[in-house]
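One structure is given here, and the rest of the page talks about it.
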Amino acid sequence: MKYRITGKEREWAQQTWEKLEGKIAAQNERLGSKMPYIPVNGRYEDMGEEHLTWWTNSFWSGILWQAYHATGKQAYADNAAEAEARLDRALEEYVGLDHDIGFMWLHTAVADYRLTGNEQSRLRGIRAASVLASRFQPAGNYFRAWNHGEDSVAIIDCLMNLPILYWASGVTGDSAWKKLAMAHADMALQEILRPDGSSNHIVAFDRETGEVTKKPGGQGYGEGSAWTRGQAWAIYGMALSYKHTGKQEYLDASKRTAHYFLANAALADYDVVIDFRAPVEPVYYDNTAAACAACGLLELSEHVPELEKPLYVKSAVRLLQRLTERFCNWDPEEDGITTKGSARYDRASDREVPIIYGDYFLVEGILRLLEKDFLIW
Ligand code: GLY
């Protein structure tokens, strides 16, 4: 058994998966290859029409590939493959692509290749990895985030894009992509993570010299705060860089960030807020951070000695149990599963709403516990 959970926990995970699959099946009928983000009046719209390069456009495909892997139902694979083909125009047009290429093509082309061996998908994945590689900034050693603003910035989130580079090195036998990914992860260890186990969201660089100029607050409460999804990206992202490289510092960083996250989450009975350093009132939740952290903790548990595993596995179970007890909409007639995801602290319109990536990480976390998942990252 990969994760030592109790019989009762397994029963809960199995029942949760059945409810999740009920939602996924209903949404699959309604959505097909649409690219959902946040539902409006209980219905997803197609972000792919409005904004093909939007970073969340492939999480629905990730859910579908996980569901296909767990159930063998072809309808899930068919819609995911159609969404993958829709993304070709984004690669051809190039404009609008940014550091989030990993999120977009790991959940589509790379997942497809891993599960079906489709050669066209392999080539799509390699092209996508090449575009990400081209964003590397040698002055500062980082992948530039976004395409706007005068600053050249790197963000903690980008750790989750690095696996497409590790994958590309693996399938081509060319270590160049992996070296760039490690240079970025090393920069994150130095400049984005803090010694106490918390993480900044953003670090800004002088583009010419590579010197760090500031560390603004980003999507969290403010400068010096601890945006919880960023903390979750750090736990999971560092664990993944360890998985793909074996570099001990990445595993140690994943553990430090996990301990910081869990100390704070435990204070609030594992109901995760948007920022651990925001004022106590008002309380704003972010289910996406809880679900992503749970997956990161499960990944981390796979790389530590036996005696260390229970902390991470039991904590992941608690996070997912709170999420499914308090914050899920199981009505198959309505789109969206997790109910209180938050894109950022300072924008009411996408605070405490269902967000597709919260659902993706919930699905991955539950399937991990049942050992029915496959590795997207
Ligand atoms: N990667 C963007 C976010 O976490 O909101």
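Because only heavy atoms are used, hydrogens play no part in the values below, and waters and symmetry mates are left out as well, while side chains stay in. Just so you know, ligand 1 is whichever comes first in the structure, and atom 1 is the first atom listed for that ligand.
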### Part of Trp227 within contact of ligand 1 (heavy atoms, under 4.0 Å)
side chain
### Message
Using a 4.0 Å cutoff against the non-hydrogen atoms of Asp157, which atoms of ligand 1 qualify?
### Response
1 (N), 2 (C), 3 (C), 4 (O)
### Query
Is Lys243 salt-bridged to Glu299, cutoff N-O under 4.0 Å?
yes
### Query
Is a side-chain N or O of Lys309 found less than 3.5 angstrom from the main chain of Val304, in a donor-acceptor match?
yes
### Summary
A student checking ligand 1 against Arg229 at a 4.0 Å heavy-atom cut-off should list atoms 3 (C), 4 (O), 5 (O)
#### Entry: Side-chain donor or acceptor of Thr213 paired with backbone N/O of Ala204 under 3.5 Å
yes
### Query
At a 4.0 Å threshold, what atoms of ligand 1 neighbour a non-hydrogen atom of Trp233?
4 (O)
### Query
Just checking, is any N or O donor in the side chain of Glu21 or Tyr76 under 3.5 Å from an acceptor N or O on the other one?
yes
#### Entry: Asn161 side chain near Asp100 side chain, heavy-atom distance below 4.5 Å
yes
### Task
For Gln219, take its heavy atoms, then give the atoms of ligand 1 lying under 4.0 Å from any of them.
3 (C), 5 (O)
